[in-house]
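The structure appears right after this line, and notes come after that.
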Amino acid sequence: MHVRIFLRCLLVMMLVQPLLLLAQAATMGAAVTYAGGDGTTLRKSVVIVGAHTAAEGVAAELHWISEHLPGATVESRGQITGPPHYDVLTVKLADGKRVDLHFDITAFHGK
């Protein structure tokens with residue numbers, strides 16, 4: 001019984017957290033901009049400009065995904081520590097394909 005409750009709480013947390021981050025991204029306004037490439041490789045990483053905290057940066061990543069890849073969902077997230085520092089997000093596209101997206105997070109890493 002306790003395991004079921006725990007699993008339900010975990011599922012709710014997994015579903016709600018991205019929604020909260022998307023809401024935060026919507027309120028960021030023009031403070032955050034994007035440079036670099038399309039995120040398909042480290043050399044073509046999306047550079048997040050103007051995020052001052054990790055929370056703002058993660059929200060910016062989700063905003064970029066929602067704008068450039070409608071219907072995509074984030075399946076996992078990892079980091080490559082440097083410098084430079086990168087977030088690597090595995091994303092399931094609307095057509096079912098999976099891609100890894102690379103975001104340069106050096107400007108706000110650890111903040």
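Not measured: the values here are computed from a predicted model.
Lys97 places none of its side-chain heavy atoms less than 4.5 Å from the side chain of Lys92. Taking the side chain as every heavy atom from C-beta outward, Leu89 and Glu61 approach each other to under 4.5 Å. Annotation: side chain of Val99 is not in contact with side chain of Thr90 (no heavy-atom distance under 4.5 Å). Put simply, the side chain of Leu101 does not reach to within 4.5 Å of the side chain of Val46, judged on heavy atoms. Using a 4.5 Å heavy-atom threshold, the side chains of Tyr34 and Ile48 count as touching. His85 places none of its side-chain heavy atoms less than 4.5 Å from the side chain of Phe103. Side-chain contact between Ile65 and Val74 is present, with at least one heavy-atom pair separated by less than 4.5 Å.
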Item to check | side-chain contact (heavy atoms from CB on, under 4.5 Å) assessment of Val49 paired with Val32 | outcome: CA-CA 6 Å; Val49 180; Val32 173; over 6 Å; no
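Neither Val47 nor Val91 shares a network with the other; the hydrophobic side chains, linked directly or stepwise wherever heavy atoms of I, L, V, M, F, W or Y lie under 4.5 Å apart, form separate groups for each.
Here the side chain of Glu67 pairs no donor or acceptor atom with the backbone of His63 at under 3.5 angstrom.
No side-chain donor-acceptor contact under 3.5 Å links Asp104 and Ser45.
Note that CG of Asp38 and NE2 of His68 are 9.5 Å apart. Values are rounded to the nearest 0.5 Å. Note that CZ of Arg77 is 9.0 Å distant from CD of Gln79, once rounded to the nearest 0.5 Å. Note that NE2 of His102 and CG of Leu42 are 4.5 Å apart. Values are rounded to the nearest 0.5 Å.
Between Ala94 and Pro70, the shortest heavy-atom contact is CB-O, 3.8 Å.
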